[in-house]
S.K.: 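Take a look at the following structure, please.
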Amino acid sequence: MVPSRRSPRRPRILVTAFEPFDDREENRSGQWLDAFLRVAAATALAHVADLSAAELPVDFVKLPRALARLWRAERPDVWILTGESGKGDAIKVERVAVNLLDATIRDNAGRRRGDAPVVRGGPPAYFATLDPRGAREALERAGVKSVLSLSAGSFCCNQGFYVARHLAR
């Protein structure tokens with residue numbers, strides 16, 4: 001039998017960040033994404049995986065649609081969603097996304113959601129598929145200040161995490 005000359009498919013890594021919101025000029029997740037892509041391009045990661053990136057809308061209606069389009073187009077093996085809370089100076093590694101939208105501020109379309117499900121009939125929560133503690137430790141070893149966080153809150157970061165896990169189930 002002659003071995004195949006084709007190499008196995010390279011893993012696809014999709015990294016997302018959010019657009020600015022709440023009258024901010026920038027979103028720190030976008031800054032982190034830019035830095036990640038620069039570092040990835042200059043390291044072995046660019047040679048072993050296909051990297052792509054996207055900016056997500058801070059909009060309760062557009063966000064799930066954007067995530068579904070990305071899922072269909074990219075079919076990522078690894079999906080890293082980044083966001084910001086506007087508080088603190090460390091990357092939070094989230095453990096859980098909950099099926100709840102309960103925002104104290106409006107999205108970029110001016111809508112506010114309270115006590116609403118992310119996905120009607122969806123499970124109460126999804127856990128991260130990576131080891132959050134291991135991810136935080138890897139970030140710390142790389143010199144990136146990070147902390148473990150129980151959940152992604154109840155705004156668009158949580159909605160994005162929940163919808164992405166729901167799509168991937």
S.K.: Show the nearest heavy-atom pair for residues Thr43 and Val39, with the distance to one decimal.
M.R.: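 Looking at all heavy atoms of both residues, the shortest contact is CG2-O, 3.0 Å.
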S.K.: Could you check whether Phe60 and Phe155 have their ring centres less than 6.0 Å apart?
M.R.: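 Ring centroids of Phe155 and Phe60 are less than 6.0 Å from each other.
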S.K.: Nearest 0.5 angstrom please: Glu55 CD to Leu33 CG, how far?
M.R.: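 Glu55 CD to Leu33 CG: 9.0 Å, rounded to 0.5 Å.
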S.K.: Quick check: is Leu56 connected to Val78 through a chain of hydrophobic side chains (ILVMFWY, heavy atoms under 4.5 Å apart)?
M.R.: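 The answer is no; the residues belong to distinct hydrophobic clusters.
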S.K.: Identify the two heavy atoms, one from Leu130 and one from Ala135, that lie closest to each other, and give their separation to 0.1 Å.
M.R.: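 Minimum heavy-atom separation between Leu130 and Ala135: CD1-CB, 3.8 Å.
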S.K.: Where do Val48 and Pro11 come nearest, in terms of heavy atoms and distance?
M.R.: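 Of all heavy-atom pairs spanning Val48 and Pro11, the closest is O-CD, 3.2 Å.
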S.K.: So, Ser146 versus Glu140: side-chain donor-acceptor pair below 3.5 Å or not?
M.R.: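 Short answer, yes.
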S.K.: Any donor-acceptor pair under 3.5 Å linking the side chain of Arg169 with the backbone of His166?
M.R.: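 At least one qualifying donor-acceptor pair exists.
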S.K.: Quick check: does any side chain N or O of Asn99 sit under 3.5 Å from a backbone N or O of Val119, one acting as donor and the other as acceptor?
M.R.: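 Here the side-chain-to-backbone pair exists.
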S.K.: Side chains of Val61 and Arg113: closer than 4.5 Å at any heavy-atom pair?
M.R.: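 Side-chain contact under 4.5 Å: yes.
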S.K.: Under 4.5 Å between side-chain heavy atoms, counting indirect links through other Ile/Leu/Val/Met/Phe/Trp/Tyr residues: same cluster for Ile91 and Leu81 or not?
M.R.: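 Not linked; separate clusters.
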S.K.: What distance do Leu150 atom CG and Glu94 atom CD have between them, rounded to the nearest 0.5 Å?
M.R.: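 Leu150 atom CG to Glu94 atom CD measures 8.5 Å (nearest 0.5 Å).
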S.K.: Do you know the tightest heavy-atom contact between Arg133 and Arg95?
M.R.: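 Heavy atoms only, the tightest pair is NH2-NH2, 3.2 Å.
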S.K.: Please examine the side chains of Leu45 and Ile13, heavy atoms only from C-beta on, and report whether any two atoms are closer than 4.5 Å.
M.R.: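 Side-chain contact under 4.5 Å: yes.
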S.K.: Does a side-chain heavy-atom distance below 4.5 Å link Gln159 with Pro64?
M.R.: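 In contact.
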S.K.: Can any side-chain N or O of Asn158 pair as donor or acceptor with the backbone N or O of Leu100 at less than 3.5 Å?
M.R.: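 Looks like yes, one N/O pair under 3.5 Å.
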S.K.: To the closest 0.5 Å, what do you measure between OG (Ser52) and CG (Leu37)?
M.R.: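 Atom-to-atom, Ser52:OG and Leu37:CG are 9.0 Å apart.
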S.K.: Taking side chain as C-beta onward, heavy atoms only, is Pro123 less than 4.5 Å from Tyr162?
M.R.: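 The answer is yes, as the side chains (C-beta and beyond) meet within the 4.5 Å cut-off.
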S.K.: Applying the 4.5 Å side-chain criterion to the ILVMFWY set and letting contacts propagate, would Val96 and Val93 be lumped into a single cluster?
M.R.: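 Looking at the clustering, Val93 is in a separate group from Val96.
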S.K.: Does Arg12 use its side chain to pair, donor to acceptor, with the backbone of Glu74 at less than 3.5 Å?
M.R.: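 The answer is yes, because a donor-acceptor pair under 3.5 Å joins these two groups.
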S.K.: Report the distance from atom CG of Asp50 to atom CG of Leu14, rounding to the nearest 0.5 Å.
M.R.: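 So the CG of Asp50 and the CG of Leu14 are separated by 12.0 Å.
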S.K.: Between Asp102 and Asp115, is there a donor-acceptor pair closer than 3.5 Å when you use the side chain of the first and the backbone of the second?
M.R.: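 Yes, Asp102 side chain to Asp115 backbone: donor-acceptor pair under 3.5 Å.
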S.K.: Could you check whether any side-chain heavy atom of Arg111 comes within less than 4.5 Å of a side-chain heavy atom of Asp59, counting everything from C-beta outward?
M.R.: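 Yes, side chains in contact.
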S.K.: So, taking the atom named CZ in Arg10 and the one named CG in Asp77, what distance separates them when rounded to the nearest 0.5 Å?
M.R.: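 Answer rounded to 0.5 Å: 12.0 Å.
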S.K.: If I take atom CD from residue Glu84 and atom SG from residue Cys156, how far apart are they, to the nearest 0.5 angstrom?
M.R.: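 It comes to 12.0 Å.
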S.K.: Arg165 side chain to Ala125 main-chain N or O, any donor-acceptor pair under 3.5 Å?
M.R.: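 No: the side chain of Arg165 does not pair with the backbone of Ala125.
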S.K.: Any donor and acceptor pair, going by atom type alone, linking the side chain of Thr82 with main-chain N or O of Thr16 inside 3.5 Å?
M.R.: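 Checking the backbone N and O of Thr16 against the side chain of Thr82, a donor-acceptor pair under 3.5 Å is found.
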S.K.: Please report the shortest heavy-atom distance between Phe161 and Tyr126, naming the atom on each side.
M.R.: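 Scanning both residues, the minimum pair turns out to be CZ-O, 4.4 Å.
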S.K.: Between Ser29 (side chain) and Phe18 (backbone), is there a donor-acceptor pair under 3.5 Å?
M.R.: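 At least one qualifying donor-acceptor pair exists.
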S.K.: Dump the intermediate steps for side chain to side chain contact (heavy atoms under 4.5 Å, CB included) on Trp79 and Thr129, then the final yes or no.
M.R.: CA-CA 10 Å; Trp79 195 339; Thr129 56; over 6 Å; no
S.K.: Can you tell if the side chain of Leu63 reaches within under 4.5 Å of the side chain of Val163, non-hydrogen atoms only?
M.R.: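 They are not in contact (no side-chain heavy atoms under 4.5 Å apart), so the answer is no.
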S.K.: Do Arg24 and Phe21 meet the cation-pi criteria used here (NZ or CZ under 6.0 Å from the six-membered ring centre, within 45° of the axis)?
M.R.: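 Judged by the rule, Arg24 and Phe21 form a cation-pi pair.
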S.K.: So which atom in Asn108 and which in Glu19 form the shortest heavy-atom distance, rounded to 0.1 Å?
M.R.: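 In terms of heavy atoms, the two residues are closest at ND2-OE2, 2.8 Å.
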